[in-house]
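Notes follow once the structure below has been shown.
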Amino acid sequence: MPLVPLRPLMEAAEQYGYAQGAFNVNAVAQAKAVIEMHETFRSPAILQGADLANAFMGGRVDFANGTLEDKKRGARNIANAVRKYGEHSPIPVVLHLDHGKDFDSCVAAIEGGYTSVMIDGSHLPFDENIALTKRVVEYAHDRGVVVEGELGRLAGIEDAVDVSDKDASYTDPDQVQEFVNRTGVDSLAIAIGTSHGAYKFKPGTKPQLRFDILEEVGRR
């Protein structure tokens, strides 16, 4: 079947109370393996390409300095690999941009064939995050692509950017409803104390998970 947007999978997961994994791929073999394993379990599959992965797959060895053209080329390459196996699969397959860092990165992914994008403006002031996210939403929705935003910052390393524990911040539930209403995002990544990376490699650290924030955001 054709690749599908992310939102229907998230709605099903919420309705029936299960977790839905998402797996980053940087090569054709990885895309094939993820889809085949999900077929084994008869589960929908979310495959993700990160912003830097698009630059790398576009032929940029020093991918941290990838240009917009590198990312467009790479997004097409990743999308073609996912479509090669996903369009002939009996399960729903989503291709999602993981942590798009700016408007142009999201455009590159959408033009390349992604069915869902994340715009991560969590490092920006609140109103600037809203403005950037809203711009992406308007562009994406006009093309049938869904959008994930982010409010609050996770500690750890994401796309070669190290966010220290002191720079991480919990999502403020008071801001969530305003953010969603003003941007029109389909889903929202929030920070409740989770971190990128494995805590077992950080002696003396322990995550302080704020499930009360998660519950309050869900209620609102």
Side-chain angles (χ1 to χ4, degrees), residues 5-7 10-11 14 22 24 46 48-55 64 66 68 71-72 75 94-112 114-197 207-220:
L6 179 62
R7 184 163 181 159
M10 294 293 93
E11 290 174 342
E14 182 177 19
N24 284 59
I46 301 173
Q48 297 186 149
D51 189 56
L52 296 186
N54 283 337
L68 180 58
K71 293 176 183 179
K72 285 183 177 180
V94 173
L95 179 56
H96 178 68
L97 175 66
D98 185 25
H99 287 273
K101 69 177 185 177
D102 52 36
F103 178 77
D104 287 341
S105 295
C106 293
V107 169
I110 293 167
E111 290 185 358
Y114 281 60
T115 57
S116 176
V117 296
M118 178 190 191
I119 177 62
D120 183 358
S122 60
H123 58 287
L124 299 171
F126 183 64
D127 284 333
E128 291 181 27
N129 188 1
I130 286 177
L132 173 60
T133 304
K134 185 174 187 289
R135 186 183 178 201
V136 172
V137 167
E138 290 173 346
Y139 181 88
H141 282 185
D142 283 346
R143 291 156 179 81
V145 174
V146 302
V147 179
E148 176 188 13
E150 182 163 340
L151 192 58
R153 301 198 73 188
L154 301 182
I157 297 176
E158 178 64 45
D159 251 5
V161 176
D162 192 354
V163 178
S164 68
D165 289 336
K166 67 181 179 61
D167 292 326
S169 60
Y170 291 110
T171 299
D172 181 356
D174 288 338
Q175 293 182 329
V176 169
Q177 188 167 358
E178 180 182 358
F179 186 89
V180 172
N181 287 342
R182 288 175 61 185
T183 61
V185 288
D186 300 279
S187 62
L188 184 64
I190 65 172
I192 63 167
T194 50
S195 173
H196 292 292
Q208 302 296 318
L209 300 182
R210 292 285 305 277
F211 289 107
D212 59 314
I213 293 177
L214 180 62
E215 291 168 357
E216 179 62 14
V217 167
R219 185 185 67 80
R220 295 191 182 203

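Count residues from 1 along the sequence. The figures that follow rest on heavy atoms only: side chains count, while hydrogens, waters and symmetry mates do not. Remember, predicted model here, so these are calculated numbers, not experimental data.
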Run through Ile110, Leu97, Val94 and flag the one making a side-chain contact (heavy atoms from CB on, under 4.5 Å) with Thr115. Val94
Going from CG on Leu95 to CG on Leu6, what distance comes out if it is rounded to the nearest 0.5 angstrom? 10.5 Å
Spacing of Ser122 atom OG and Leu132 atom CG [to the nearest 0.5 Å]: 10.5 Å
Heavy-atom distance under 4.5 Å between the side chains of Asp51 and Lys71, does that happen here? yes
side-chain contact (heavy atoms from CB on, under 4.5 Å) filter on Arg220, not counting sequence neighbours, yields Pro173, Asp174, Glu216
Sub-4.5 Å side-chain heavy-atom contact between Met118 and Gln48: no
Test item: His123 and Lys101 side chains (from C-beta on) under 4.5 Å apart, heavy atoms: no
Return the minimal non-hydrogen interatomic distance between Thr133 and Gly149, and the atom names on each side. CG2-CA, 4.5 Å
List in chain and number order the residues that pass side-chain hydrogen bond (donor to acceptor under 3.5 Å, both in side chains) with Asp102, two or more places apart in sequence or in another chain; answer none if no residue qualifies. Ser105
Backbone of Gly121 reached by a side-chain donor or acceptor of Asn129 within 3.5 Å: yes
What pair of heavy atoms forms the shortest contact from Val117 to Cys106, and how long is it? CG1-O, 4.1 Å
Side chains of residues 182-189: which donor-acceptor partners sit under 3.5 Å, not counting sequence neighbours?
| from | atom 1 | to | atom 2 | distance (Å) |
| --- | --- | --- | --- | --- |
| Arg182 | NH1 | Asp127 | OD1 | 3.3 |
| Arg182 | NH1 | Glu178 | OE2 | 2.7 |
| Thr183 | OG1 | Phe179 | O | 2.7 |
| Thr183 | OG1 | Val185 | N | 3.4 |
| Asp186 | OD1 | Arg7 | NH1 | 2.9 |
| Asp186 | OD2 | His141 | NE2 | 2.8 |
| Asp186 | OD2 | Val147 | N | 2.8 |

Correct closest heavy-atom pair for Ala64 and Leu52 would be CA-CD2, 3.9 Å
Sequence neighbours excluded, which residues qualify as side-chain contact (heavy atoms from CB on, under 4.5 Å) partners of Glu111? Lys72, Val107, Tyr139
Main-chain N/O of Ala191 paired with Thr171 side-chain donor or acceptor, under 3.5 Å: yes
For Glu138, what residues pass the salt bridge (charged side-chain N to carboxylate O under 4.0 Å, His left out) criterion, not counting sequence neighbours? Lys134
Would you compute the distance between atom CG of Leu124 and atom CG of Leu151 and round it to the nearest 0.5 angstrom? 11.5 Å
Look at atom CD of Glu14 and say whether more than 12 heavy atoms of other residues, nucleotides or ligands are closer to it than 6.0 Å. no
Separation of His96 NE2 from Ile46 CD1 (nearest 0.5 Å): 8.0 Å
Phe103 vs Ile119 side-chain heavy atoms within contact, under 4.5 Å: no
Provide the closest heavy-atom pair for Ala108 versus Ala75 in the form atom of the first, atom of the second, distance. O-CB, 3.5 Å
What's the spacing between Tyr170 OH and Leu209 CG if we round to 0.5 Å? 7.5 Å
Considering residues at least two apart in sequence or located in another chain, which fulfil the salt bridge (charged side-chain N to carboxylate O under 4.0 Å, His left out) criterion with Asp212? Arg210
